[in-house]
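Just so it is clear, the structure is predicted and the values come from calculations on it, not from any experiment. The analysis underlying the following values was restricted to heavy atoms, covering all of them including side chains, and did not include hydrogens, waters or symmetry mates.
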Amino acid sequence: MTDPSWIDAALTAARPQAVGALLRYFRNLDTAEEAFQEACLRALRNWPKNGPPRDPTAWLIFVGRNSAIDTARRQTKQQPLPPEDVLSDLEDAETAIVEKIDSADYRDDILRLLFICCHPDLPATQQIALALRIVSGLSVRQIARAFLVGESAMEQRITRAKGRVSSGEIPFETPDAFERAERLAAVSAMVYLIFNEGYSAGSAEVEARFPLCDEAIRLARLLLRIFPAEPEIMGLTALLMLQHARAKARFDADGAVILLDNQDRQLWNQTMIAEGLALIDKAVRHRRPGAYQIQAAIAALHARARKPEDTDWSGIDLLYATLEQITPSPVITLNRSIAVAKVRGPEEALVLIEPLEDRLSGYFHFFGVKGGLLMQLGRKEEARVAFDRAIALANTPAEAAHIRMHLDRLSQN
Amino acid sequence: MLYAILCYNMEDVVGSWSKEEDDLVMERLGVVQEKLAKAGKLGPVARLLPTTAATTLRKARGEPLIIDGPFAETKEQFLGFYVVDCDSLDEALDIARDLAKANPGQGSYEIRPIGLFRPGSTSQ
């Protein structure tokens with residue numbers, strides 16, 4: 001229980017709750033982070049010697065709070081507190097904190113810590129970097145690596161972001177139900193962003209960016225633990241797990257994208273799929289559908305199919321239709337067209353997407369899908385035009401390579 | 001005599017293990033299991049999915065209550081468990097309802113998906 005990797009995992013696991021609680025005490029992000037840091041250093045010295053505490057999080061909050069108060073007193077030249085191994089009441093105080101740890105305060109602490117990273121003035125990439133640093137506790141080097149930028153650039157980005165979320169603006173009062181729901185929605189969106197940063201990486205970058213997906217899943221599970229009855233959080237967590245379950249099957253040896261239909265389903269992570277499906281089942285019982293739940297339900301229908309031809313495309317079509325109603329967007333209609341093509345044929349799918357061309361004129365996937373539908377209909381010349389547009393709009397070499405494969409097939413027959 | 005060995009640990013810490021650390025733990029546990037299996041002493045082994053995937057059916061005055069999350073009352077003790085093969089959570093809840101009806105007392109049934117299952121074989 002006291003080997004370094006266990007302690008490391010315990011400190012990582014305790015971080016969101018501990019920093020969140022310390023932020024509530026000190027109302028200053030830097031002080032809270034320093035206090036947690038100090039508590040971690042003491043844990044590394046103390047736990048191997050005395051064994052791990054019953055509740056590592058409570059220990060870290062208690063010791064962190066004392067050490068920060070101690071520092072503050074020393075700075076104001078008052079009497080210092082005794083060091084923690086002389087404190088006779090450490091056990092008692094720890095027990096008191098353990099008893100309080102289930103209270104709603106702690107739930108709001110974690111939510112607040114995540115929420116301050118979603119500051120509306122911060123661009124998405126800064127929100128993500130800040131959350132990974134403050135909430136997840138990744139090092140600047142780890143974050144820089146995941147974002148494929150230099151360490152000093154990332155250091156600056158995080159410092160700037162921290163400056164923006166100045167302590168004066170952090171909302172410390174206990175949120176009412178409405179505010180809590182609003183914060184939860186903002187935080188969910190950020191967790192999804194973190195996931196997408198990792199998920200949308202090309203094959204060459206995937207190795208470096210995978211931790212972003214794992215971290216997003218950990219944060220989603222954390223949210224779910226503090227809001228166990230929120231169907232949208234179940235949906236979000238399920239969505240991330242069902243997508244990440246396919247990670248190993250998404251690229252071939254040369255780094256080209258492998259589409260869902262062609263993936264080796266043996267490579268899908270069945271444990272992750274099982275957890276995602278269980279969460280969707282739980283969410284559906286609440287009968288309060290939302291965008292994450294529906295997207296997860298779509299991913300679930302893919303995950304349930306052992307072979308591509310077993311996929312319930314009409315179910316997917318219906319789910320996309322519902323999603324279109326909740327969050328209308330041309331991209332969702334475009335995705336729906338793939339299901340429509342499978343259920344009712346490429347002709348109808350083409351009718352569905354043609355009105356989108358104006359709004360999606362700069363979107364790679366639009367022309368990829370359009371070209372594919374035209375190709376199925378045997379309209380080779382038009383397909384070629386669409387594929388050429390797609391190549392011009394490709395975001396990664398892998399995307400362009402995939403479309404070139406279609407063009408090759410077109411000229412072969 | 002058959003014994004059940006129940007494993008307790010801090011879920012958020014276990015969830016913070018990297019895949020490599022997790023694999024290493026599973027490998028070490030596998031060595032222990034293999035020794036037992038060879039001696040014909042190993043029954044079923046299960047690793048449960050996180051408590052966030054759990055649902056609890058709690059007996060109440062009328063219809064049982066269905067609560068998201070794990071069972072967390074301390075005044076009741078862990079008395080036994082079933083492993084059932086279901087297509088959906090609803091089916092598992094129906095089974096739990098039947099068990100609750102057949103059982104005269106109070107009590108709760110936590111329904112938790114199993115992530116890893118090995119049926120095992122014992123001489124009994």
Side-chain angles (χ1 to χ4, degrees), chain A residues 1 3 5-17 52-57 102 110 136-137 210-211 214-215 217-231 233-234 237-238 241 247 269-286 300 304, chain B residues 7-26 28 46-58 63-74 83-97 110-118:
Chain A
M1 274 289 263
D3 63 272
S5 67
W6 185 89
I7 294 183
D8 216 38
L11 298 180
T12 307
R15 186 179 171 103
Q17 184 132 64
R54 248 176 314 137
D55 186 334
T57 310
D102 286 325
I110 294 178
S136 305
F210 254 12
D214 292 332
E215 203 46 52
I217 288 174
R218 210 169 69 85
L219 291 174
R221 279 216 195 99
L222 176 71
L223 283 177
L224 192 53
R225 211 168 312 132
I226 56 176
F227 295 98
E230 279 297 329
I233 304 299
M234 296 174 198
T237 314
M241 306 206 88
N269 182 328
Q270 291 302 327
T271 311
M272 260 191 217
I273 289 176
E275 194 176 339
L277 295 179
L279 287 171
I280 273 295
D281 269 3
K282 280 180 69 169
V284 168
R285 296 185 47 82
H286 286 264
R304 278 184 203 275
Chain B
C7 316
Y8 290 83
N9 206 338
M10 274 171 274
E11 179 173 84
D12 48 353
V13 176
V14 172
S16 296
W17 289 346
S18 67
K19 193 184 171 299
E20 291 71 30
E21 284 167 333
D22 199 283
D23 289 348
L24 191 69
V25 172
M26 294 313 276
R28 287 208 301 252
R47 181 176 181 180
L48 305 182
L49 290 179
T51 53
T52 42
T55 306
T56 300
L57 182 136
R58 175 146 198 88
E63 271 294 287
L65 295 170
I66 293 168
I67 305 152
D68 288 299
F71 173 69
E73 289 282 335
T74 47
V83 174
V84 289
D85 185 5
C86 299
D87 288 332
S88 68
L89 173 63
D90 281 337
E91 195 187 339
L93 280 168
D94 285 342
I95 296 171
R97 260 191 213 98
E110 178 179 332
I111 294 117
R112 182 105 72 90
I114 291 178
L116 179 152
F117 182 72
R118 297 198 185 106

So which of B:G69, B:P70, B:A54 has the biggest tally of heavy-atom pairs under 4.5 Å with chain A? B:A54
In short, B:T52 meets A:L279 closest at the heavy-atom pair O-CD2, 3.4 Å
If you tally heavy-atom pairs under 4.5 Å between each of B:P50, B:A92, B:S88, B:G15 and chain A, the highest tally belongs to B:P50
Who wins among A:A13, A:A274, A:A14, A:G276 for the most heavy-atom pairs under 4.5 Å with chain B? A:A13
Partner set under side-chain hydrogen bond (donor to acceptor under 3.5 Å, both in side chains) for B:D68, not counting sequence neighbours: A:H286
With a 4.0 Å cut-off on N to O distance, would you call A:R225 and B:E11 a salt bridge? yes
Scanning both residues in full, the closest heavy-atom pair of A:A9 with B:S16 reads O-CB, 3.7 Å
Considering only heavy atoms, which portion of B:I67 lies under 4.5 Å from any heavy atom of chain A: side chain, backbone, both, or neither? neither
Are any of the side-chain nitrogens in B:D12 or A:R218 under 4.0 Å away from the carboxylate oxygens of its partner? no
Checking heavy atoms, do the side chain of A:M234, its backbone, both or neither come under 4.5 Å from chain B? side chain
How long is the straight-line distance from CD of B:E91 back to CG of A:D281, given to the nearest 0.5 Å? 10.5 Å
4.5 Å side-chain heavy-atom contact, A:T271 and B:L49: yes
For B:I95, what residues pass the side-chain contact (heavy atoms from CB on, under 4.5 Å) criterion, not counting sequence neighbours? B:V84, B:C86, B:L99
Name the region of A:R304, side chain, backbone, both or neither, that has any atom closer than 4.5 Å to a heavy atom of chain B. side chain
Residue B:I111 versus chain A: region with a heavy atom under 4.5 Å: neither
Just to verify, what does B:R97 make a side-chain hydrogen bond (donor to acceptor under 3.5 Å, both in side chains) with, not counting sequence neighbours? B:D94
Within residues 17-25 of chain B, which positions have a heavy-atom distance to chain A below 4.5 Å? B:W17, B:K19, B:E21
Are the side chain of A:K282 and the backbone of B:T55 linked by a donor-acceptor contact shorter than 3.5 Å? no
